[in-house]
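Computed from a prediction, not measured in an experiment: that's the story for all the values here. Every chain is numbered from 1 and lettered A, B, ... according to where its sequence line falls, protein lines coming before strand lines.
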Amino acid sequence: GPKVLQIPSHQIIDMGQMVTLNCDPVSNHLYFYWYKQILGQQMEFLVNFYNGKVMEKSKLFKDQFSVERPDGSYFTLKIQPTALEDSAVYFCASSFGLGGRRAEQFFGPGTRLTVL
Amino acid sequence: GDSVTQTEGPVTVSESESLIINCTYSATSIAYPNLFWYVRYPGEGLQLLLKVITAGQKGSSRGFEATYNKETTSFHLQKASVQESDSAVYYCALGVPYNQGKLIFGQGTKLSIKP
């Protein structure tokens, strides 16, 4: 089936540094998402993105977070600066639409971010 | 708020035995949520297992079934006879109809099948 890729699979950085997580969504999808899962906890919605704009974001999507998809390439999540509590697995997803069959979200395998 | 609670794992079941993973939801801001089961096999991304959008209906896929019960606010996942290949982490989730841009997940249940 359609695949979403995430690069890198694991990233270790020092607190205060900037990090960019990359997502290669399904090629004809129009909606893009990030979810965050802290070890042992639920996967939680961060943000969704359509047509170059953030549609909805949760309270977890702090001011230090930003998303973009320049030139229709990777969908990225940037954290600047990082904090210890940003350590988690970040999952990217994409879908063709928001309703019916087109709303099915396809997920990547996740990027494990460790902030030291 | 809106939330999902499911069977705490890990769960171990012997091959060919039956399985039930419980899922209950609270949807205070969503009148008629859509309900989902997702599965993550080792090394892979989360993938949709089944989805039900109407209360009272049953969804099924790969031998798994789940019935959307509005009275008990439940969406339990069942399988009559599990196989070793069913070892995975299973997630129950709810979403807003026609605006499924934000899924609310349960904590996941890790299932291991004993051969």
Quick one: which residue pairs count as a salt bridge (charged side-chain N to carboxylate O under 4.0 Å, His left out) with a foot in residues 56-78 of chain B, not counting sequence neighbours?
-> B:K58-B:E65
Do the side chains of B:K102 and A:E56 get nearer than 4.5 Å, heavy atoms only?
-> yes
B:F105 vs A:Y35, ring-ring contact (aromatic ring centres under 6.0 Å, His included): CA-CA, chis, key distance, verdict | CA-CA 10 Å; B:F105 286 91; A:Y35 291 83; 5.6 Å; yes
Out of curiosity, does A:F49 fall in the hydrophobic cluster containing A:F96 (side-chain heavy atoms, cut-off under 4.5 Å, transitive links)?
-> no
Looking only at heavy atoms, what is the nearest atom pair of A:Q42 and B:V4, with distance?
-> NE2-O, 3.1 Å
Can you say whether A:Y50 sits under 4.5 Å from chain B via the side chain, the backbone, both, or neither, judging by heavy atoms?
-> neither
Would you check if A:M43 and B:L46 make a side-chain contact, meaning some heavy-atom pair closer than 4.5 Å?
-> yes
What is the minimum heavy-atom distance between B:Y91 and A:Q37, and which atoms define it?
-> OH-NE2, 3.6 Å
Tell me, yes or no, whether the heavy-atom count around A:L84 atom CG, taken from other residues, nucleotides or ligands under 6.0 Å, exceeds 12.
-> yes
Minimum heavy-atom separation for A:F107 to B:L103, with atom names?
-> CZ-CD1, 4.4 Å
Linking I/L/V/M/F/W/Y whenever any side-chain heavy atoms sit under 4.5 Å apart, do A:L77 and A:I38 land together?
-> no
Here the gap from A:Q105 atom CD to B:F36 atom CZ, rounded to the nearest 0.5 Å, amounts to 8.0 Å
